[in-house]
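Written below as C-alpha cells is the structure these notes are about.
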Amino acid sequence: MTETPRLPGLSLADADHLVAAALNVAAEQGFPPLAVAVLDVTGAVVTLRRADGGMPMTSRIAVAKARTALLTLRPSGALPLPGPIVDGIQHLHGGDYIPYAGGLPVTDGELILGVIGASGGHATEDEEAVRTAVSRWHEHRSGI
C-alpha cells in the first residue's frame, strides 16, 4: 500500500497551536469569546474551535474570514472594495468572503502555508488575536 501524499503547509499540530494561541490571547486581553479557524491552502478547515459562551455564528464567520485571506492573499480587511464588488465576490464564493479584519495568511517568507481567522469580538480584537497567535507560532517554530 502506498502512502497518501500530503499537501504542503500547516500540520495539524501547527493548526492546533495557532488556534490555542489565538484563544489564549483573547482570554488574556478580556475579549469576548472567539471562534478561531485554521484552513489549509485549499481552503479546507484543519482546526476550528469556539470558546465557551461564543455565539454559534462566529464559527462560520471565522472560517469565512480565513478564506477571505486565502482568496485575496492578504489580511481579510486589507482590500477595500466598493459594496457592489463585495456583493459579487460573496456571491461567487458562496458567502465566504468577509472583508473585515480578523483573517490572516500564515506564511513562511512569501509562501502561504495556510490561513487563520477569528470572529466574536470587534474586528480589531479578532485581528489582534490572530496576529499575536501567528507571531507566537513563528517564535515557537524557530525555537525562540
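The shown structure was predicted, so the numbers you read here are calculated from the model rather than taken from an experiment.
Distance check, rounded to the nearest 0.5 Å: CD of Q29 to CD of E128 gives 5.0 Å.
The salt bridge (Lys or Arg N to Asp or Glu O under 4.0 Å) test applied to E127 returns R131, not counting sequence neighbours. Partners of R136 under the salt bridge (Lys or Arg N to Asp or Glu O under 4.0 Å) rule, at least two apart in sequence or in another chain, are E28. Shown here are the side-chain contact (heavy atoms from CB on, under 4.5 Å) partners of P82, two or more places apart in sequence or in another chain: P84, I85. Residues meeting the salt bridge (Lys or Arg N to Asp or Glu O under 4.0 Å) test with D96, sequence neighbours left out: R67.
Judged as a salt bridge (Lys or Arg N to Asp or Glu O under 4.0 Å), not a single pair has a partner in residues 35-47 (not counting sequence neighbours). Under the salt bridge (Lys or Arg N to Asp or Glu O under 4.0 Å) criterion, the residue pairs touching residues 108-118 are D108-R141, with sequence neighbours excluded. Among residues at least two apart or in separate chains, there is no side-chain hydrogen bond (donor to acceptor under 3.5 Å, both in side chains) pair with a member in residues 72-94. Counting only residues at least two apart or on different chains, no salt bridge (Lys or Arg N to Asp or Glu O under 4.0 Å) pair has a member in residues 47-64.
Within the hydrophobic cluster formed by Ile, Leu, Val, Met, Phe, Trp and Tyr side chains joined at under 4.5 Å, directly or through other members, I61 is accompanied by M55, M57. Other members of the cluster containing V41 do not exist, because no ILVMFWY side chain is joined to it at under 4.5 Å.
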List the atom pairs, with distances to 0.1 Å, where a side-chain N or O of residues 111-120 and a protein N or O form a donor-acceptor pair under 3.5 Å, not counting sequence neighbours.
none

Could you go through residues 13-20 and list every donor-acceptor pair under 3.5 Å that involves a side-chain atom there, pairing it with any protein atom two or more places apart or in another chain?
{"from": "D14", "atom 1": "OD1", "to": "W137", "atom 2": "NE1", "distance (Å)": "3.2"}
{"from": "D14", "atom 1": "OD2", "to": "S11", "atom 2": "N", "distance (Å)": "3.0"}
{"from": "D14", "atom 1": "OD2", "to": "S11", "atom 2": "OG", "distance (Å)": "3.2"}
{"from": "D16", "atom 1": "OD1", "to": "T47", "atom 2": "OG1", "distance (Å)": "3.2"}

